> 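The structure is given below, and queries will be raised subsequently.
The residues of the chain are indexed from 1 along the displayed sequence. Please read these numbers as outputs of a predicted model, since none were measured by experiment.
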Amino acid sequence: MEQRDITTRTIRTRGLVFEAETLKSPSPRVAPVLAVRAGGEGESTIRPQAEALLPLADVIGVRIAGVSNPGFLPPHCCVGDVADGFAAVLDELDVPRVNVLGTSHAGEMAYRFATAHPDRTDRVVLTGATGHRPHLPPGSTAASIAARVQDPEQDVADEVISQVLCLDPDRPIRGRTALKWILKDLFHSADKDHLRQWTDCMQMLCEAPPPTGLTVPLLMVTGEHDIAILPGDSRALATMSSQAVLATVREGDHWFFLTHTREHLDMTCRFLLDEPLDHLPYLASLEYFPQPRVSDPLPAAYAP
């Protein structure tokens, strides 16, 4: 990626610490993009995203201490505080309106900003997110899972990975072997601070109020074999929203944004430009809400 005009600001509000990195587009065509960064999101995802989006818009990547930056969330922090914190970031940057992007738990936070501040939101892209509380194993809490991970007598890596990565050999997943290796590496390199960050973040999301539909244009993106965030849950949020599209990616699970990076960014750019998403070869299905319109039937060989 060629050298870009980049500025970084640290903004503190409500006990939260936000780091906002702004990359300037040479010729913006749409409102700036607020990209909420997830924990573990590094250059391997940020660089391709910037290369795809900068021809369209300024990109404001936001990290939160305790979620995607070192540090911890303040006591009693709620998703409403995070949503209002994003608005405070935009105030500091003198940005009136944005398009909002978020993946996985960062998508849940992006969703909460869009519901709390629709007057500052143009379009929303949520990937592997639903606006719902996280689905933890029955009888488990974020704290109990973290405690088991820290117990040296228990090797729970494979168990945890099996709950977020589709391992069913009858379901084709692009890059499954590589994904399993990456997740194991992340799992074993996590220290107590990482686990506390994850626990605090999951607890905050578990305490979030029930989701409501969005009133701004929404693109929900899900992998057809996502077992961490079920496609049906993504559809549920889309059905509550007034201008929603649900795109289901072929041969993808929760981590398809890593294995289908080019396709994911192509779809995102098309949506931000209000271009058609019909007939894209990498989609298993495309649904529009509230209109009962579905893209052309898939060939029998590709039908789920």
Side-chain angles (χ1 to χ4, degrees), residues 30 33 36 52 99-115 118 121-135 164 166 168 170-174 210-304:
V30 298
V33 170
V36 181
N99 295 291
V100 190
L101 313 182
T103 297
S104 193
H105 59 278
E108 312 297 355
M109 297 177 198
Y111 158 78
R112 297 292 171 172
F113 167 80
T115 55
T121 306
D122 275 3
R123 287 174 170 254
V124 180
V125 180
L126 302 180
T127 301
T130 66
H132 289 265
R133 301 167 186 177
H135 291 289
V164 296
C166 179
D168 185 345
D170 293 330
R171 298 183 177 185
I173 301 294
R174 184 191 299 180
T212 57
L214 287 172
T215 57
V216 299
L218 167 66
L219 172 62
M220 299 287 298
V221 192
T222 183
E224 64 175 339
H225 302 310
D226 191 339
I227 64 170
I229 298 293
L230 299 179
D233 290 340
S234 295
R235 180 177 291 104
L237 181 59
T239 61
M240 288 191 289
S241 301
S242 60
Q243 306 173 67
V245 184
L246 175 66
T248 303
V249 177
R250 196 188 310 271
E251 295 187 0
D253 74 340
H254 189 66
W255 309 94
F256 74 87
F257 55 91
L258 297 176
T259 57
H260 299 67
T261 302
R262 182 178 301 176
E263 296 93 332
H264 181 224
L265 292 172
D266 172 64
M267 190 179 356
T268 299
C269 292
R270 289 173 183 267
F271 180 74
L272 294 181
L273 291 170
D274 197 20
E275 295 179 350
L277 301 179
D278 301 273
H279 312 299
L280 297 178
Y282 49 80
L283 293 183
S285 65
L286 189 68
E287 302 171 69
Y288 295 84
F289 302 94
Q291 299 86 358
R293 179 162 70 94
V294 180
S295 59
D296 291 344
L298 296 169
Y302 295 109

> Determine whether a donor-acceptor pair (N or O, by modelled atom type, separation under 3.5 Å) exists between the side chain of Asn99 and the backbone of Arg123.
yes
> Using a 4.5 Å cut-off on heavy atoms from C-beta on, say whether the side chain of Leu219 contacts that of Leu277.
yes
> With the side chain counted from C-beta on, respond yes when Leu246 and Ser234 share a heavy-atom pair under 4.5 Å apart, and no when they do not.
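They are in contact (side-chain heavy atoms under 4.5 Å apart), so the answer is yes.
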> Taking all heavy atoms of Glu287 and all of Arg235, pick out the closest pair and write down the distance.
OE2-NH2, 2.7 Å
> Take the angle between the ring planes of His254 and Phe257 and call it parallel below 30°, perpendicular above 60°, tilted in between.
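Correct class here is perpendicular.
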> Could you walk me through whether Thr268 and Leu101 pass the side chain to side chain contact (heavy atoms under 4.5 Å, CB included) check?
CA-CA 9 Å; Thr268 299; Leu101 313 182; 4.1 Å; yes
> Looking at Asp266 and Arg270, is there a salt bridge between them, counting it only when a charged N and a carboxylate O are closer than 4.0 Å?
yes
> Nearest 0.5 angstrom please: Thr103 OG1 to Trp255 CH2, how far?
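Taking OG1 in Thr103 and CH2 in Trp255, the distance rounds to 10.5 Å.
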> Kindly give the heavy-atom pair with the smallest separation between Leu286 and Leu283, and that separation in Å.
CD1-CD1, 3.9 Å
> Identify the heavy atoms of His260 and Glu251 that sit nearest to each other, and give their distance.
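In this case the closest contact between His260 and Glu251 is CE1-O, 3.2 Å.
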> Which residues pass the side chain to side chain contact (heavy atoms under 4.5 Å, CB included) test with Ala236, not counting sequence neighbours?
His132
> What closest approach, in Å, do Val249 and Phe256 show between heavy atoms, and which atom pair accounts for it?
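Val249 and Phe256 have their closest heavy atoms at CG2-CE1, 3.7 Å.
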> For residues Thr212 and Tyr111, determine if any side-chain heavy atom of one lies less than 4.5 Å from a side-chain heavy atom of the other.
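A side-chain contact under 4.5 Å exists here.
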> Sequence neighbours excluded, which residues qualify as side chain to side chain contact (heavy atoms under 4.5 Å, CB included) partners of Cys166?
Asp168, Arg171, Ile173, Arg176, His225, Ile227, Asp253
> If you define the side chain from C-beta out and look only at heavy atoms, does anything of Leu237 sit under 4.5 Å from Leu126?
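With C-beta onward as the side chain, the pair touches.
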> My understanding is that only residues two or more places apart in sequence, or in another chain, count here; which of them pass side chain to side chain contact (heavy atoms under 4.5 Å, CB included) with Ala114?
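Thr121, Val124, Leu214.
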> With rounding to the nearest 0.5 angstrom, report the CG to CZ distance, Leu258 to Arg174.
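One finds 12.0 Å between CG of Leu258 and CZ of Arg174.
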> If I compare all heavy atoms of Met267 with all of Ala247, which pair ends up nearest, and what's the gap?
SD-CB, 3.4 Å
> Closest heavy-atom contact between Ala52 and Cys269?
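Shortest heavy-atom separation between Ala52 and Cys269 comes out as O-SG, 3.5 Å.
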